[in-house]
Trainee: 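Got a structure for you, written out below as structure tokens; questions coming shortly.
Side chains are part of it too, since the values below use all heavy atoms of this structure and drop only hydrogens, waters and symmetry mates.
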Amino acid sequence: MVSINENYLNLQGSYLFSTIAKKVREYQEKNPQNLIIRLGIGDVTQPLAPVIVEALHKAVAQMGTSEGFHGYGPEQGYEFLRSAIAVEDYQARGCDISPEEIFVSDGAKCDVGNIQEIFGIDNRVAVCDPVYPVYVDTNVMAGRSGRYNTETGGFENLIYMPCTRENGFAPELPKEVPDMIYLCFPNNPTGAAIQKDALQEWVDYANRHGSVILYDAAYEAYITEENVPHSIYECSGAKGCAIEMHSFSKNAGFTGLRLGYTVVPKELSVSGVKLHDLWNRRHGTKYNGAPYIVQRAGEAVYSPEGKAQLKEQVAYYMENARLIREGLLAAGFTAFGGVNAPYIWLQTPAHMTSWEFFDQLLSRAQVVGTPGSGFGASGEGYFRLTAFGTRENTLEALERIRGF
């Protein structure tokens, strides 16, 4: 008789953003006359940069010719894109990363969720709290997390690292040594960043204990402050303990095109086995590569014109972040983030729970954000707003929230 993967039964309800979408849909059906402003999910609103559109058109035209047609490409990504990534994202910053250590995919979310497949099921996993749900959910699906504890609001086999106002929303080195450590900086959802010396402590900790850091750098393009690393490989010894994931969705607006990459250094090994070889095997077995036309668009990101145009887009969203953060602070709210990341981490007023504030903000102001408790127990009492809206909607949402 067929059976199911019972680990899925340990997942808590539906995916966070699916729950939000359902609530918004139900409200809209009952109140079709009200205009809802969505500052919940991290989806961009600015159109693709001209240089990217031009690259797409050129690649499509190539695909319509016998000499320019491309079928199955290399699973790891085309050499032209891997080389551009290695040079511009790493070697230009003094990081010794080669094109062969880069694996191109259709988005960082897939890689973040799939990377756990190359690790043993008995590994202990450390995650920040609050945390991007995919880190936890995919380990639950694999059976690595144990049962959900309703009293603590967490899974019994996971190590939760509280990120609170008291510690600047940065996790402390866990006393109980984990095998796998998920870190995301600049952070989603809190918007917090980490200084290079603090990140070096994590690298030293991992090397000392034989742990592997899974580093999500999806928001590095939004860093504005000095001494905040754009890559974990800026730290000494990181190639021996860290895997890094990147996305083209946030820096280049590829949420609809889908493109990302993961770096697995060749020198990173566990029990004498190179993780590069394992990921390469997994990648080649389960993935046929990102589309040629999308990878050509990704290559355009690194052109001089691409850099200039995308710098303007990032500045646009960060101005939204500044307006939201400063506007909320001026109105008497307590808010964090919005300096090195396009997220504002808002403390809910009047001792409201995160979901109470969500419901009130939706019904009274028609603004959608993300309840902090959806990211973990330490997110209770907080609320995430994104800066990815249009300027007009951002200003209107701010006025509604202040009125609320």
Trainee: Would you check if the side chain of Q295 reaches a backbone N or O of A290 as a donor-acceptor pair within less than 3.5 Å?
Mentor: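 Between the backbone of A290 and the side chain of Q295 there is a qualifying donor-acceptor contact (under 3.5 Å).
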Trainee: Are any of the side-chain heavy atoms of I85 and Y302 separated by less than 4.5 Å?
Mentor: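 With C-beta onward as the side chain, the pair touches.
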Trainee: Considering residues, nucleotides and ligands other than R402, do more than 12 of their heavy atoms fall under 6.0 Å from its CZ?
Mentor: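 Yes, the 6.0 Å shell around CZ holds more than 12 heavy atoms from other groups.
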Trainee: Does a sphere of radius 6.0 Å around CD in E6 hold more than 12 heavy atoms from other residues, nucleotides or ligands, not counting ones at 6.0 Å or beyond?
Mentor: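 No, not enclosed.
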Trainee: Does the plane of the ring in Y219 sit parallel, tilted or perpendicular to the ring in Y222? Use 30° and 60° as the thresholds.
Mentor: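 Correct class here is tilted.
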Trainee: So, T164 and E166: side-chain donor and acceptor under 3.5 Å apart, yes or no?
Mentor: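 Judged by distance alone, the side chains do pair up.
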Trainee: Verify the distance criterion only: is there a donor paired with an acceptor across the side chains of N139 and S145 at less than 3.5 Å?
Mentor: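 No, S145 and N139 have no side-chain donor paired with an acceptor closer than 3.5 Å.
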Trainee: Please examine the side chains of L385 and I401, heavy atoms only from C-beta on, and report whether any two atoms are closer than 4.5 Å.
Mentor: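 SC-SC contact between I401 and L385 confirmed.
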Trainee: Calculate, to the nearest 0.5 Å, the distance between atoms CG and CD1 belonging to L35 and I37 respectively.
Mentor: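 The CD1 atom of I37 is 6.0 Å from CG of L35, to the nearest 0.5 Å.
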Trainee: Side chains of S211 and D179 only: does a donor on one sit below 3.5 Å from an acceptor on the other?
Mentor: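 There is no such pair (donor and acceptor under 3.5 Å, judged by atom type) between the side chains of S211 and D179.
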Trainee: Please determine whether side-chain contact (heavy atoms from CB on, under 4.5 Å) holds for the pair K266 and E100, giving the CA-CA distance in whole Å, both sets of side-chain angles, and the decisive distance to 0.1 Å.
Mentor: CA-CA 9 Å; K266 290 186 176 181; E100 293 74 25; 3.7 Å; yes
Trainee: Any salt bridge between D359 and K23, counting N to O under 4.0 Å?
Mentor: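 Salt bridge flag = yes for K23 with D359.
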Trainee: Between D96 and Y90, is any side-chain donor less than 3.5 angstrom from a side-chain acceptor?
Mentor: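 Judged by distance alone, the side chains do not pair up.
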Trainee: Should V301 and L310 count as side-chain neighbours, where that means a heavy-atom distance under 4.5 Å?
Mentor: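 V301 reaches L310 side chain to side chain.
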Trainee: Evaluate salt bridge (Lys or Arg N to Asp or Glu O under 4.0 Å) for E396 paired with R400, printing each intermediate quantity in order.
Mentor: CA-CA 6 Å; E396 173 63 23; R400 293 185 188 184; 3.0 Å; yes
Trainee: Distance from F103 atom CZ to Y287 atom OH, nearest 0.5 Å?
Mentor: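 Reported to 0.5 Å precision, the distance equals 13.0 Å.
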Trainee: Ion pair present between K307 and E88, side-chain N to carboxylate O less than 4.0 angstrom?
Mentor: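 Answer for the salt bridge query: yes.
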Trainee: How are the rings of F80 and Y78 set to each other: parallel, tilted or perpendicular (split at 30° and 60°)?
Mentor: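 Parallel.
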Trainee: Rounded to the nearest 0.5 Å, how far does OG1 of T255 lie from CG of D43?
Mentor: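 Going from the CG atom of D43 to the OG1 atom of T255 covers 4.0 Å.
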Trainee: Is any side-chain heavy atom of W202 closer than 4.5 Å to a side-chain heavy atom of L173?
Mentor: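 The answer is yes; the side chains approach within 4.5 Å.
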Trainee: Should V368 and F358 count as side-chain neighbours, where that means a heavy-atom distance under 4.5 Å?
Mentor: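 Yes, their side chains come closer than 4.5 Å.
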Trainee: For Q309 and A49, which heavy atoms make the closest approach, and how far apart are they?
Mentor: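 Minimum heavy-atom separation between Q309 and A49: OE1-CB, 3.3 Å.
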Trainee: Is there a donor-acceptor pair under 3.5 Å between the side chain of K250 and the backbone N or O of G42?
Mentor: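 Yes: the side chain of K250 pairs with the backbone of G42.
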Trainee: Would K196 and E234 pass as an ion pair if we require N to O under 4.0 Å?
Mentor: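 The answer is no: the pair does not qualify as a salt bridge.
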Trainee: Taking the side chain from H70 and the backbone from A59, do they hold a donor-acceptor pair closer than 3.5 Å?
Mentor: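 Checking the backbone N and O of A59 against the side chain of H70, no donor-acceptor pair under 3.5 Å is found.
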Trainee: Supply the atom-to-atom distance Y261 OH to D111 CG, rounded to the nearest 0.5 angstrom.
Mentor: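 It comes to 11.5 Å.
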Trainee: What distance separates R282 CZ from N114 CG, expressed to the nearest 0.5 Å?
Mentor: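 If we round to the nearest 0.5 Å, R282:CZ and N114:CG are 3.5 Å apart.
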Trainee: Would you say that W279 contacts V263 through its side chain, given a criterion of any heavy-atom pair below 4.5 Å between the two side chains?
Mentor: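 SC-SC contact between W279 and V263 ruled out.
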Trainee: Go through the steps for I159 and V125 under the test side-chain contact (heavy atoms from CB on, under 4.5 Å), then give the verdict.
Mentor: CA-CA 6 Å; I159 299 171; V125 181; over 6 Å; no
Trainee: How about I223 and P186: do any of their side-chain heavy atoms sit closer than 4.5 Å?
Mentor: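 Contact flag for I223/P186 side chains = yes.
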Trainee: Using a strict cut-off of less than 4.0 Å between a Lys/Arg side-chain nitrogen and an Asp/Glu carboxylate oxygen, indicate whether E26 and K30 qualify as a salt bridge.
Mentor: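 Salt bridge absent between E26 and K30.
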Trainee: Mind checking whether F375 and Y382 have ring centres under 6.0 Å apart?
Mentor: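 No, ring centres 6.0 Å or more apart.
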Trainee: Please examine the side chains of V339 and E225, heavy atoms only from C-beta on, and report whether any two atoms are closer than 4.5 Å.
Mentor: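 A side-chain contact exists here, since the closest heavy-atom pair is under 4.5 Å.
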Trainee: Are K286 and E117 ion-paired here, with the side-chain N under 4.0 Å from a carboxylate O?
Mentor: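 Yes, charged N to carboxylate O under 4.0 Å.
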Trainee: With a cut-off of 6.0 Å (strictly less than), are more than 12 heavy atoms of other residues, nucleotides or ligands near NE2 of H57?
Mentor: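 No, not enclosed.
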Trainee: Are M245 and L214 close enough, and set up right, to give a side-chain contact (heavy atoms from CB on, under 4.5 Å), and what steps lead you there?
Mentor: CA-CA 8 Å; M245 282 74 73; L214 305 172; 4.2 Å; yes
Trainee: Say whether T138 and Q116, considering side chains only, have a donor N or O and an acceptor N or O under 3.5 Å apart.
Mentor: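 Q116 and T138 do not have a side-chain donor-acceptor pair below 3.5 Å.
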Trainee: Return yes if some donor-acceptor pair links the side-chain N/O of Q360 with the main-chain N/O of S363 below 3.5 Å, else return no.
Mentor: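 Pair absent, no side-chain N/O of Q360 close to backbone of S363.
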Trainee: Looking only at atom types and distance, does a side-chain atom of E244 sit under 3.5 Å from a main-chain N or O of Y215, one as donor and one as acceptor?
Mentor: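 No; zero donor-acceptor contacts below 3.5 Å.
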Trainee: So, R384 and N188: side-chain donor and acceptor under 3.5 Å apart, yes or no?
Mentor: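 Short answer, yes.
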Trainee: Is it true that the side chains of R82 and S98 contain a donor and an acceptor less than 3.5 Å apart?
Mentor: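 Judged by distance alone, the side chains do not pair up.
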Trainee: Is the shortest side-chain N to carboxylate O distance from E319 to R322 below 4.0 Å?
Mentor: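 Result for this pair is yes, salt bridge flagged.
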Trainee: Indicate yes or no for a side-chain donor-acceptor contact from Y233 to the backbone of A242 under 3.5 Å, with no hydrogens or angles considered.
Mentor: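 Yes: the side chain of Y233 pairs with the backbone of A242.
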Trainee: Indicate whether any N or O donor in one side chain lies under 3.5 Å from an N or O acceptor in the other, for Q200 and S236.
Mentor: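 Absent: no donor and acceptor within the cut-off.
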Trainee: Just do the side-chain contact (heavy atoms from CB on, under 4.5 Å) check on V140 and F155 with the steps written out, would you?
Mentor: CA-CA 8 Å; V140 173; F155 289 91; 3.6 Å; yes
Trainee: Counting only N and O atoms by type, is there a donor-acceptor contact under 3.5 Å from the side chain of R124 to the main-chain atoms of P178?
Mentor: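 No; zero donor-acceptor contacts below 3.5 Å.
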Trainee: How would you list, by chain and number, every residue that makes a side-chain hydrogen bond (donor to acceptor under 3.5 Å, both in side chains) with E299, sequence neighbours excluded?
Mentor: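 side-chain hydrogen bond (donor to acceptor under 3.5 Å, both in side chains) check on E299 returns R296.
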Trainee: Could you report the tightest heavy-atom contact between N10 and Y148, atom names first, then the distance?
Mentor: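 Of all heavy-atom pairs spanning N10 and Y148, the closest is O-CB, 4.3 Å.
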Trainee: Does E54 use its side chain to pair, donor to acceptor, with the backbone of V51 at less than 3.5 Å?
Mentor: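 Checked: no pair found.
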Trainee: From I20 CD1 over to W355 CH2, what is the distance, rounded to the nearest 0.5 angstrom?
Mentor: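 If I round to the nearest 0.5 Å, the distance is 5.0 Å.
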Trainee: Between Q195 and N227, is any side-chain donor less than 3.5 angstrom from a side-chain acceptor?
Mentor: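 A pair is found: one side chain offers a donor N or O, the other an acceptor, under 3.5 Å apart.
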Trainee: Regarding R144 and N157, do their side chains bring together a donor and an acceptor under 3.5 Å, going by distance alone?
Mentor: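 R144 vs N157: no donor-acceptor pair found between side chains.
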